[in-house]
Amino acid sequence: MAKKPSRQFVCRNCGTAYPKWVGQCEACGEWNTLEEETVEPLAASTASGAAKGRRIKLEGLDGIAKPPPRIETTIAEFDRVLGGGLVPASVVLVGGDPGIGKSTLLLQAACRLAGNGERVLYISGEEAVDQIRLRALRLGVGTTKLDLAASINVADIVSTLEAETDVKAVIIDSIQTMWLETVASAPGTVSQVRACAFELIRLAKRRGFSLILVGHVTKEGALAGPRVLEHMVDAVMYFEGDRGHQFRILRAAKNRFGATDEIGVFAMTDRGLEEVSNPSALFLAERRGNIAGSAVFAGLEGTRPVLLEVQALLSPKSGDGAPRRAVVGWDTGRLSMLLAVLETRCGLKLSGMDVYLNFAGGLKVVEPAADLAVAAALISAASGVPTSSGEVYFGEVGLSGEVRQVAQADARLKEAAKLGFDQATLPRRVARGSVRNKPPEGLALRELGHLSDLISADMDAE
Ligand code: TYD
Ligand code: MG
């Protein structure tokens with residue numbers, strides 16, 4: 001019984017498949033992202049179960065499991081996010097908006113690896129070899145021994161790599177430009193992107209090199225996004241940042257060989273990306289103390305403490321209708337909740353005000369621990385009394401206004417002390433056992449049980 005190829009519709013953004021065309025993808029909510037795809041039927045023999053597979057060996061959990069060997073790029077911020085370096089025969093997907101600096105980062109990493117004596121191939125489907133050379137020159141890495149190629153043909157790339165024996169890492173920039181003759185659709189479509197990635201991944205696993213795929217995040221347009229590949233690769237990192245800002249953050253979204261909450265911080269300069277080993281200093285560099293509506297949040301990114309400035313601006317409601325709530329770098333829902341708590345539990349009148357909130361520096365904060373710092377900024381904006389310029393805040397705020405414990409208080413306090421802050425406002429600490437950890441030298445602690453304590457204290461500071 002010969003099966004005809006059937007058709008299905010696949011979302012370019014998230015890869016969900018539908019039997020019929022629909023206007024909006026139910027899985028990711030995007031509009032007009034479905035594209036038609038032909039599904040080849042499975043070969044008759046495998047489908048009917050007639051083909052005999054080999055018997056696989058089953059093993060127990062209690063064997064010796066060695067940690068995977070790593071190839072360090074020696075770019076510390078990159079290695080940290082990778083979980084300690086590249087793992088041979090693994091596949092990393094680096095996603096990000098066009099122009100954010102993916103090619104720059106990977107060219108720098110490739111040159112560093114090549115400089116350390118590893119054989120690295122950088123294959124670009126977007127730029128000509130000369131363009132890459134020029135960029136390398138500008139980055140000051142033009143002399144490194146790196147193998148370059150400009151190609152979009154996966155069959156050619158596979159043949160080339162089959163003939164090489166000592167390749168340690170291969171970078172494909174970008175997967176959306178790659179093309180396989182055997183797939184009857186244009187580069188960048190879901191079927192092409194998946195098929196090309198599949199070929200390259202299979203080769204990487206077989207030949208034992210680490211493969212880095214670049215994938216552009218596309219909001220609109222006809223390119224399949226990196227999300228359609230997330231399940232096929234070992235690690236997914238997103239390179240983020242605001243193009244108006246210098247900072248770039250590499251964040252792991254999935255990592256089979258490491259933690260997913262680590263970040264790498266870089267600054268884009270005219271000589272490429274520079275590592276930022278002390279992000280707090282950078283994020284606070286432009287802070288002006290003693291301005292009402294600003295507070296410093298002692299946050300945590302992965303295992304790393306990071307101090308950030310949060311700014312709030314209140315202005316009388318403009319026009320009819322609901323007041324504006326504009327937020328950069330934080331969750332709008334969380335802000336509404338905090339405003340409601342301030343209003344209901346602490347008697348701060350904010351409902352007639354437009355509220356603007358901004359985490360400076362372009363970092364997106366997701367920790368609930370930021371509640372207390374945001375509250376401090378809002379209270380300060382409402383009262384016109386600046387928070388003390390030597391003070392940091394952290395703590396979660398509950399619906400009844402109670403201030404709750406957050407993880408890693410000690411790491412946050414240490415970072416604050418290191419950067420010269422002298423006071424910290426934090427949740428009332430519960431003594432673990434009978435001893436409490438001593439705060440770092442030079443840091444006075446103000447422990448709060450309820451948000452209203454913050455209002456009375458900060459407003460009285462006048
Ligand atoms: P690029 O790495 O090409 O971005 P992507 O590969 O993610 O699309 O980076 C492009 C931007 O980076 C470009 O707008 C210029 C800027 N840039 C610098 O500021 N300094 C540099 O040294 C380089 C190479 C690029
Ligand atoms: Mg690029």
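For this chain, numbers begin at 1 and follow the sequence in order. In listed order, ligands and their atoms are each counted from 1.
- For atom 11 (C) of ligand 1, the closest non-hydrogen atom of the protein is G99 O, 3.5 Å.
- Of the heavy atoms in T269, only backbone atoms (N, CA, C, O) come closer than 4.0 Å to ligand 1.
- The closest donor-acceptor contact from the side chain of E415 to the backbone of L307 lies at 3.5 Å or more, if one exists at all.
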Quiz item: Between K317 and D354, does a salt bridge (Lys or Arg N to Asp or Glu O under 4.0 Å) hold up when you go through it step by step?
Solution: CA-CA 5 Å; K317 189 167 84 118; D354 287 341; over 6 Å; no
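- For K102 and E126, the salt-bridge test fails: no basic side-chain N is under 4.0 Å from an acidic carboxylate O.
- For ligand 1, the atoms lying closer than 4.0 Å to a non-hydrogen atom of G101 are 1 (P), 2 (O), 4 (O), 5 (P), 7 (O), 9 (O).
- Using a 4.5 Å heavy-atom cutoff, the side chains of L203 and E199 are not in contact.
- Counting heavy atoms closer than 4.0 Å to ligand 1, residue R135 contributes side-chain atoms (C-beta onward) but none from N, CA, C or O.
- Under 4.0 Å from ligand 1, the heavy atoms of L139 that appear belong solely to its side chain.
- In this model, no donor atom of one side chain and acceptor atom of the other lie less than 3.5 Å apart for S151 and D156.
- For atom 2 (O) of ligand 1, the nearest protein heavy atom (residue, atom name, distance) is T104 OG1, 2.5 Å.
- Of the possible polar contacts, one joining the T387 side chain to the S294 backbone as a donor-acceptor pair under 3.5 Å is found.
- For the pair P98 and ligand 1, the shortest N or O to N or O distance does not fall below 3.5 Å.
- Salt bridge status for R304 with E262: absent, with no side-chain N to carboxylate O gap under 4.0 Å.
- Counting protein heavy atoms under 4.0 angstrom from atom 18 (C) of ligand 1 gives one or more.
- The cationic group of R412 lies under 6.0 Å from the six-membered ring centre of F394 and within 45° of the ring axis, placing it in a cation-pi geometry.
- For atom 22 (O) of ligand 1, the closest non-hydrogen atom on the protein side is G272 N, 2.8 Å.
- For atom 6 (O) of ligand 1, the nearest non-hydrogen atom of the protein is S103 OG, 2.6 Å.
- If you check which protein heavy atom lies closest to atom 24 (C) of ligand 1, you get R138 NH1, 3.6 Å.
- Under 2.8 Å from the Mg ion (ligand 2) lies no N/O/S atom of S124, from backbone or side chain alike.
- Of all the atoms in ligand 1, the ones that sit under 4.0 Å from a non-hydrogen atom of M268 are 12 (O), 16 (C), 17 (N), 18 (C), 19 (O), 20 (N).
- Looking at every heavy atom in both residues, T73 comes nearest to R112 through O-CG, 2.9 Å.
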